[in-house]
Asker: 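Here's a structure for you.
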Protein chains: 2
Amino acid sequence: MEIGRPYSRLLHRLERLSELSAHDRQLIAELPLTVANFSANTEVARYGDTPSRCTLVLGGFLYGHKRVNGSQRQITSFFVPGDIADLHTLHLAPLDHELSALGPAVVAFMPHRAFRDMLDRSPHLTQAFWRDTFIRLGIMREWVTNLGRRDAIARVAHVVCELAVRLQNVDLAQNLSFSIPWTQTDLADACGISNVHANRVVQELRRHGLMDWDSRKVMIRDWDAVAKIGDFSDEYLQLGRPLEREPLLGAKVSERV
Amino acid sequence: MEIGRPYSRLLHRLERLSELSAHDRQLIAELPLTVANFSANTEVARYGDTPSRCTLVLGGFLYGHKRVNGSQRQITSFFVPGDIADLHTLHLAPLDHELSALGPAVVAFMPHRAFRDMLDRSPHLTQAFWRDTFIRLGIMREWVTNLGRRDAIARVAHVVCELAVRLQNVDLAQNLSFSIPWTQTDLADACGISNVHANRVVQELRRHGLMDWDSRKVMIRDWDAVAKIGDFSDEYLQLGRPLEREPLLGAKVSERV
DNA sequence: CGACCGATTGACACAGCTCAAATGAAGTGG
DNA sequence: CCACTTCATTTGAGCTGTGTCAATCGGTCG
């Protein structure tokens, strides 16, 4: 979880979306951050809350979810380091869903006031964050498609592929292998299936030698096969330019420096 | 489909999100619009396109969808008059999904260049449109939940409730009754079920006297019951302030002027 | 009148769910 | 270092909601 500066992954991601001027970088660097730690499965923001700050993920994972019928849970998004998990609280309140830590997580809170000041000073940063919102919208379209029209094994494969690519994008996955502190029940709640069935699907993927899944470690052994099963293509994630994208998706992955 | 000015529903919706100055209204009024007609089931924008303009719905309905396995279709959003269906093309290209007309539709194209000029001149309008993007994100979260954790009848009820409220918001539904040129197959593709099952669900809703569904006309007879079945609450649509919201959702609906 | 499209119905199949119990892994405290 | 707890994974056995296939019906339009 150690990185140069707390906001460096965020910067890295923004810079893939648009060129940032030195001034923009400076503005981000000046944001007042309050670092906080959350232990596994604790709530970072609750339904109905009206937060006065945004939450930047520094280490670990957050996830957004809604409850249905009181008992059932649907995970609506995963957030990885470098993501701002509740940018919308800048504009909308109260919160229409819950935000929780998947495993132990480190986040930085950024006061709305300071964030808005920053945006006022740089229309260009406003554009960059707005663009980020559009990308999140694209991810949601893909999730809707995933849940609406793919069977269980495809859903699981798709979610795993998405996480692999997103993590690789922030240097948290190497060779299509990454650590994430989720349970099979978490996976099930993201894929809209039961935990029992999630287990069967994971076993099937393992049995065919397509991927490993041991105690919080996922490793995709055969990218092409898994991507095919999950009907996955990374276009919707809008990472970098095509030239940069090639090596990211090949079965072999080149080291990024 | 006749309204005062082409952009009046858009203005109406934006004004619910934030106060607009005379200057802002003026900027919107000055947007160069190209009106176009589309007949039922024609494509407005194709997967892979790089449009140079945004699409404002004036009359009728558009819907976004993705294809899975070549054959299956998942509708990811419905767009009603006053909605901009592809605002994201302002920032992202190429298009990751298709945009089509549900029935005959009238749209207005707004060149990106002019739209960006407008945003440059009014940070406040930028905020308003960004906020609109966040609302769309909220709708997507709700759809993910709908598809992931609700059974068929609840999904259908939920989608119908959402459309009723959104249409009522732009004066296109009265007394929880509205016209929409969709087929049961369209409904099915939005709800992630088969067209045969969609038909059975519609019949069940009819049988219990909860709603009518005759040739493109939907009428909710018992709002409370349908909203309960669909686990629907309109909060996520972020329409107006609580005070304005009351009458909108009661079984009885007051006339809006 | 014929063609076409959407709604409807019936019969059957199956993916995935629920319930329930067993197994395994990782602490925790004595 | 062993009981004990707790939580996640795994397995088995029905059950059911929904899908698929195929046929029919009804309306609309040229």
Side-chain angles (χ1 to χ4, degrees), chain A residues 39-42 68-75 100-104 146-159 179-207 211-218 229-230, chain B residues 39-42 68-75 100-104 146-159 179-207 211-218 229-230:
Chain A
S39 47
N41 284 308
T42 51
V68 172
N69 302 328
S71 64
Q72 301 228 72
R73 177 182 68 155
Q74 175 64 45
I75 291 180
S100 305
L102 197 56
N146 205 34
L147 293 164
R149 286 298 181 215
R150 295 198 186 105
D151 62 12
I153 194 169
R155 294 187 201 180
V156 169
H158 195 280
V159 165
S179 298
I180 177 170
W182 60 7
T183 65
Q184 292 182 0
T185 297
D186 294 323
L187 175 68
D189 286 348
C191 294
I193 59 182
S194 69
N195 56 350
V196 172
H197 200 62
N199 175 261
R200 290 186 179 122
V201 166
V202 168
Q203 285 181 62
E204 184 170 351
L205 289 168
R206 273 202 289 245
R207 187 164 48 249
M211 55 183 254
D212 293 349
W213 179 301
D214 290 330
S215 82
R216 316 293 112 108
K217 252 195 175 283
V218 177
I229 289 173
Chain B
S39 47
N41 284 308
T42 51
V68 171
N69 302 328
S71 64
Q72 302 227 72
R73 179 182 67 155
Q74 175 66 44
I75 291 180
S100 305
L102 197 56
N146 205 33
L147 292 165
R149 285 298 182 217
R150 296 198 186 104
D151 62 12
I153 194 168
R155 293 186 203 180
V156 168
H158 196 281
V159 165
S179 298
I180 177 170
W182 59 8
T183 64
Q184 292 183 0
T185 297
D186 294 323
L187 175 70
D189 286 348
C191 294
I193 60 181
S194 69
N195 56 349
V196 172
H197 201 61
N199 175 261
R200 288 181 183 125
V201 166
V202 168
Q203 286 182 61
E204 184 168 352
L205 289 168
R206 274 203 287 244
R207 187 162 49 248
M211 55 185 252
D212 294 349
W213 179 302
D214 291 331
S215 82
R216 320 290 112 107
K217 250 196 175 283
V218 177
I229 289 174

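What you see below is based on every heavy atom in this structure, not just the backbone, and it leaves out hydrogens, waters and symmetry mates. To find a chain, count down the sequence lines: A is the first, B the second, and so on, and within it residues start at 1.
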Asker: Under 4.0 Å: is that the gap between some side-chain N or O of Gln203(A) and OP1 or OP2 of dT11(D)?
Answerer: yes

Asker: Applying side chain to side chain donor-acceptor pair (under 3.5 Å) to Asn195(B) and Gln184(B), what does each step give before you reach the verdict?
Answerer: CA-CA 6 Å; Asn195(B) 56 349; Gln184(B) 292 183 0; over 6 Å; no

Asker: Counting just side-chain N and O atoms, does Arg216(A) come under 4.0 Å of either OP1 or OP2 of dT9(D)?
Answerer: yes

Asker: Check for a donor-acceptor pair, side chain of Gln74(B) on one end and backbone N or O of Val68(B) on the other, with a separation under 3.5 Å.
Answerer: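 No; judged by distance alone, with no hydrogens or angles, the pair does not exist.
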
Asker: How would nucleotides 15-30 of chain D be written as a contact map, 5' to 3', with B for base contact, S for sugar-phosphate-only contact and - for no contact, using protein heavy atoms under 4.0 Å?
Answerer: ---SSBB---------

Asker: Could you give the angle between the helix axes at the two ends of the helix from dC1(C)-dG30(D) to dG30(C)-dC1(D), with five pairs per end, rounded to 10 degrees?
Answerer: 40°

Asker: Roughly how many Å is it from CG in Leu187(A) to C1' in dA8(D), rounded to a whole number?
Answerer: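 So the CG-C1' distance, Leu187(A) to dA8(D), works out to 13 Å.
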
Asker: Figure out the CD/P separation between Gln184(B) and dT9(C), and round it to whole Å.
Answerer: 10 Å

Asker: Do side-chain atoms of Asp151(B) reach the backbone of Ala154(B) as a donor and acceptor pair under 3.5 angstrom?
Answerer: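 Confirmed, Asp151(B) side chain pairs with Ala154(B) backbone.
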
Asker: Let's go through Arg149(A) and Asp189(B) carefully: what are the C-alpha distance in whole Å and the side-chain angles of both, what is the deciding distance for side chain to side chain contact (heavy atoms under 4.5 Å, CB included) to 0.1 Å, and is it a yes or a no?
Answerer: CA-CA 8 Å; Arg149(A) 286 298 181 215; Asp189(B) 286 348; 2.6 Å; yes

Asker: Expressed as a whole number of angstroms, how long is the span from Lys217(B):NZ to dG6(C):P?
Answerer: 20 Å

Asker: On a heavy-atom basis, which atom in Arg155(A) and which in Leu147(A) lie closest, and how many Å separate them?
Answerer: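 Distance-wise, the nearest heavy atoms are NH2-O, 3.2 Å.
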
Asker: Verify, without hydrogens or angle tests, whether Arg206(A) (side chain) and Trp213(A) (backbone) share a donor-acceptor contact under 3.5 angstrom.
Answerer: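 Flag set: sc Arg206(A) to bb Trp213(A) pair under 3.5 Å.
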
Asker: With sugar-phosphate meaning primed atoms plus P, OP1 and OP2, does Arg206(B) contact a base, only sugar-phosphate, or nothing at under 4.0 Å between heavy atoms?
Answerer: sugar-phosphate

Asker: Are Arg216(A) and Thr183(A) close enough, and set up right, to give a side chain to side chain contact (heavy atoms under 4.5 Å, CB included), and what steps lead you there?
Answerer: CA-CA 7 Å; Arg216(A) 316 293 112 108; Thr183(A) 65; 4.2 Å; yes

Asker: Compare side-chain N and O positions of Asn199(A) against OP1 and OP2 of dT10(D) and report whether any pair is under 4.0 Å apart.
Answerer: yes

Asker: Would you check if Ile229(A) and Ile153(A) make a side-chain contact, meaning some heavy-atom pair closer than 4.5 Å?
Answerer: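 Heavy-atom side-chain distance check passes, below 4.5 Å.
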
